[in-house]
Amino acid sequence: QLQLVESGGGLVQPGGSLRLSCAASGFSSPGYGFNFYAVAWFRQAPGKEREGISCISTTGGTKYADSVKGRFTISRGNVKNTVYLQMNTLEPEDTAVYYCAAIWNPRSPICTIQPNYNSWGQGTQVTVSS
């Protein structure tokens, strides 16, 4: 089954930046890589519900939650089977565990930030504090 591993989290000051990575492995067939999956980022802050913040479709379409629009950017990286979340102008309210999720969705131009994904990573902690 597909395995997802997030990395890049850490402690950053307000106004700073971080880039999260989501690396995928465990594909059933060599010819079907991460480009055949829609990928999304979710986050869960202490005492809060998990929320979808961004996604990218198999054709490159993207979607962002209002809370991060204009500050965060999702992309498929040059490194094979990797999706990034560039986070700029970070605020204390961005403190959360960030999760990568994926679902088989070839050639679809759209994606969703609702939690209808069937592969999930373990999460990476992002802390924004002075």
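FYI, side chains are in, hydrogens and waters are out, and symmetry mates aren't considered; it's all heavy atoms of this structure.
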- request: Please tell me if the side chains of Leu18 and Leu90 come closer than 4.5 Å, counting only heavy atoms from C-beta onward.
  value: yes
statement: Across all chains, not counting sequence neighbours, the side chain to side chain contact (heavy atoms under 4.5 Å, CB included) partners of Asn35 are Arg76
Aromatic ring proximity, centroids under 6.0 angstrom, Phe36 and Trp104: yes
- line: Taken to the nearest 0.5 Å, the spacing of Ser7 OG from Tyr84 OH works out to 8.5 Å
- prompt: Say you draw a straight line from OG1 of Thr62 to CD1 of Ile110; how long is it, rounded to the nearest 0.5 Å?
  reply: 12.5 Å
task: Go through the steps for Gln13 and Ser130 under the test side chain to side chain contact (heavy atoms under 4.5 Å, CB included), then give the verdict.
output: CA-CA 5 Å; Gln13 292 181 312; Ser130 299; 5.6 Å; no
Shortest non-hydrogen separation from Phe42 to Pro115 and the atoms involved: CZ-CA, 3.7 Å
Main-chain N/O of Gln114 paired with Thr112 side-chain donor or acceptor, under 3.5 Å: yes
Ring pair (Phe, Tyr, Trp, His ring centres under 6.0 Å) partners of residues 61-81, not counting sequence neighbours, each pair once: none
message: I need the minimum non-hydrogen distance between Gly123 and Val97, along with the two atoms involved.
response: CA-CG1, 3.8 Å
- prompt: Quick one: does NZ or CZ of Arg50 land under 6.0 Å from the six-membered ring centre of Trp120, within 45 degrees of the ring axis?
  reply: yes
statement: Between the CD1 atom in Ile56 and the OG atom in Ser75, the distance rounded to the nearest 0.5 Å is 6.5 Å
- prompt: Are Tyr117 and Ile74 connected, step by step, through hydrophobic side chains (Ile, Leu, Val, Met, Phe, Trp, Tyr) whose heavy atoms are closer than 4.5 Å?
  reply: no
query: Backbone N or O of Cys111 within a donor-acceptor pair of the Ser57 side chain at under 3.5 Å?
result: no
task: Test side chain to side chain contact (heavy atoms under 4.5 Å, CB included) on Trp41 and Val83 and set out the steps.
output: CA-CA 10 Å; Trp41 286 95; Val83 167; 3.9 Å; yes
message: Using a 3.5 Å distance criterion without hydrogens, assess whether the side chain of Thr124 forms a donor-acceptor pair with backbone atoms of Glu6.
response: no
- request: May I have the step-by-step check of side chain to side chain contact (heavy atoms under 4.5 Å, CB included) for Tyr99 and Leu4, ending in yes or no?
  value: CA-CA 9 Å; Tyr99 298 89; Leu4 304 176; over 6 Å; no
- request: Work out which heavy atom in Ala102 is nearest to a heavy atom in Asn118; give both atom names and the distance.
  value: O-OD1, 3.2 Å
- request: Carefully, step by step, assess Asn88 and Ser17 under the rule side chain to side chain donor-acceptor pair (under 3.5 Å).
  value: CA-CA 4 Å; Asn88 298 325; Ser17 298; 2.9 Å; yes
task: Return the orientation label for the Tyr37 and Phe34 ring planes: parallel under 30°, perpendicular over 60°, tilted otherwise.
output: tilted
- prompt: Tyr98 and Met87: side chain to side chain contact (heavy atoms under 4.5 Å, CB included), yes or no, with the steps?
  reply: CA-CA 11 Å; Tyr98 284 71; Met87 307 187 297; 3.8 Å; yes
Side chain proximity check, Ser54 to Leu85, heavy atoms < 4.5 angstrom: yes
query: Between CG of Asp94 and OG of Ser129, what distance do you get to the nearest 0.5 Å?
result: 12.5 Å
query: Got a second to check how far Glu51's CD is from Arg43's CZ, nearest 0.5 Å?
result: 4.5 Å
- request: Measure from the side-chain N and O atoms of Thr95 to the backbone N and O of Pro92, and report whether any donor-acceptor pair falls under 3.5 Å.
  value: yes
message: Any heavy-atom pair between the side chains of Lys63 and Cys55 that's under 4.5 Å?
response: yes
Separation between NZ of Lys69 and CD1 of Ile53, rounded to the nearest 0.5 Å: 13.0 Å
